[in-house]
Amino acid sequence: MTDPWATFGADLHLEPVGPGLRSGLTRALREAVRGGRLAPGTRLPSSRALAADLGIARNTVADAYAELVAEGWLTARQGSGTRVAQRAVPRRAAPVAPPARPARPRTGHHLKPGSPDVSAFPRTAWLRAARKALTAAPDEAFGYGDPRGRPELRGVLAEYLARARGVHADPDAIVICSGFSHGLRLLGTVLRGRRVREIAVESHGLGHHRDLLTGAGLATPLLEVDHLGARTGELAAMRGTGAVLLTPAHQFPFGVPLHPDRRTAAVDWARATGGLILEDDYDGEFRYDRQPVGALQGLDPERVVYLGTASKSLAPGLRLGWMVLPRGLVAETVAAKGAADRTSGAVEQLTLAEFIASGAYDRHVRSMRLRYRRRRDQLVAALAERAPGTEVSGIAAGLHAVVELPAGTERSVVRAAASRGLALEGLADYRHPDAPDGRDALVIGYGAPSESAWAGALDALCRVLPREGSDFRTDVPDN
């Protein structure tokens, strides 16, 4: 018994007119099957009959049928004709409720550390550098490239870091990465391959960095930090430690530089034991009361790995960082990077190279240094006037400051700020799990707000801080 086909053309509106008759017919038939207008098992007319009905060549219909058979929409058997394929009917998914919109903070002020003022990104100068860099770029720049990064960027970085940070850098010993975390992850892999089992870290720092190292199989014993920086003299007693991660120019989060004697002690330890120092120079260009202290790497380039980034000086969204490696570490690090992701974006590297070479980078850093210095001065003055029960500690540098609080008030201040839409973080958020409880303080990131938002953010901060002699509550509930 045959299936009737008299109404096929009218019911399904198969009108493959215009250019591309076969593709139009194929698409119309596919949508008819997918949408359920042609039920599984339905017999289609012969290619001759459908071609006559549509007024097109028989081969056009035959080719369309053959394509849909190959895709699994139709079946064709000798003596049975062409039919719609039998398919499992997908189960109707239960309706998904739209996600609840997060409650908006009352003000939305953000004073967490770690971010620059991205509204100040030099878009015009960056675009100018990109145009010039792309115009001059060789064809091979758009291939897979050297895992170390573009030679243009490594060359200008070697010159700039020597001039601005006192780093001894051979362009061949520089490896471009997508930021400090990326570089640290690569170094963790290399150190583990060298049978290093422990890397000492400062008692206060970013937990994310510790997690990267432990993820590479490394233990992270702590090195205490005080008003002179990390106590590097204690490294000699840490027998199982093969490397140490330091922030010598501006300890994060305490905001103090590493004392000269402790810088020397760290290098002496590395020379005596064959250990390595990983120097995180995250904001070394931003010193406001004097010229920045040169990088620790300059004391011994063969025992110190220097890590820098454009995240604070320009913007974290660029995803550009660099490692200046001891010569004996280059091959292993390049191999680790090549095995993981091989290279960073060539266009961004070429643009940054031109941006530095043209002097635009120096001009931008000078401009932002003035902006951040002004904000820090305003923070100190506002707290002295409106919250005399607090005190700003640390050197005048970087994009954050530590605000000392009366004992027992840190958690309450952070919760009170959150309830008013002000994002803050306390010193306890950066404490190593094995470090003892310390003083109460806030880590204020004054770099993040835009110029227009800074005054409001500073006012919001002063409103939640305890005042000298006030009875500030310390029993605010967690929820």
Side-chain angles (χ1 to χ4, degrees), residues 1-101 123 127 130-147 150 178 317-319 338-351:
M1 183 173 180
T2 60
D3 298 319
W5 191 262
T7 61
F8 175 76
D11 288 345
L12 296 178
H13 305 288
L14 293 178
E15 300 175 358
V17 297
L21 289 176
R22 183 180 66 80
S23 61
L25 176 60
T26 303
R27 184 167 54 253
L29 285 169
R30 186 187 295 114
E31 291 305 315
V33 175
R34 179 186 286 125
R37 291 185 292 158
L38 283 176
T42 300
R43 182 175 179 177
L44 302 187
S46 67
S47 58
R48 185 188 303 275
L50 185 56
D53 187 37
L54 297 176
I56 60 178
R58 180 183 177 186
N59 285 345
T60 300
V61 178
D63 289 345
Y65 279 1
E67 183 173 339
L68 293 172
V69 168
E71 292 178 3
W73 296 106
L74 305 179
T75 61
R77 291 189 178 88
Q78 187 70 27
S80 181
T82 304
R83 294 179 180 269
V84 177
Q86 296 288 345
R87 306 183 314 282
V89 179
R91 296 177 62 182
R92 186 181 298 273
V96 179
R101 292 185 178 180
R123 301 173 190 234
L127 182 59
R131 286 173 174 162
K132 187 172 181 179
L134 287 172
T135 300
D139 292 343
E140 54 87 15
F142 304 100
Y144 286 105
D146 188 335
R150 289 300 306 169
S178 61
L318 293 178
R319 307 313 307 142
D341 59 358
R342 188 164 182 80
T343 187
S344 305
V347 174
E348 290 79 6
Q349 292 184 60
L350 291 169
T351 303

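Numbers here are sequence positions counted from 1.
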### Heavy-atom pair of closest approach, residues Ala141 and Ala346
O-CB, 3.2 Å

#### Entry: Side-chain donor/acceptor of Arg83 to backbone N/O of Thr75, under 3.5 Å
no

### Query
How far apart are the closest heavy atoms of Ser47 and Arg58, and which atoms are they?
OG-NE, 3.2 Å

### Query
Where is the tightest heavy-atom contact between Ala76 and Thr82, given as atom of each residue plus distance?
CB-OG1, 4.2 Å

### Query
Which heavy atom of Pro45 sits nearest a heavy atom of Leu50, and at what distance?
CG-CB, 3.9 Å

### Query
So do Leu25 and Leu54 actually touch side chain to side chain, heavy atoms under 4.5 Å?
yes

### Task
Please identify each residue that fulfils salt bridge (Lys or Arg N to Asp or Glu O under 4.0 Å) with Arg48, with sequence neighbours left out.
none

Listed pairs under 3.5 Å, donor-acceptor, residues 131-139 side chains, sequence neighbours left out:
| unit_1 | atom_1 | unit_2 | atom_2 | d |
| --- | --- | --- | --- | --- |
| Thr135 | OG1 | Arg131 | O | 2.7 |

### Closest non-hydrogen atom pair, Glu31 against Arg37
C-NH2, 4.3 Å

#### Entry: Nearest non-hydrogen partners of Gly72 and Ala85, listed with the distance
O-CB, 3.4 Å

#### Entry: Qualifying residues under salt bridge (Lys or Arg N to Asp or Glu O under 4.0 Å), relative to Glu348, sequence neighbours excluded
none

### Check: Arg34 and Trp73 side chains under 4.5 Å, non-hydrogen atoms
yes

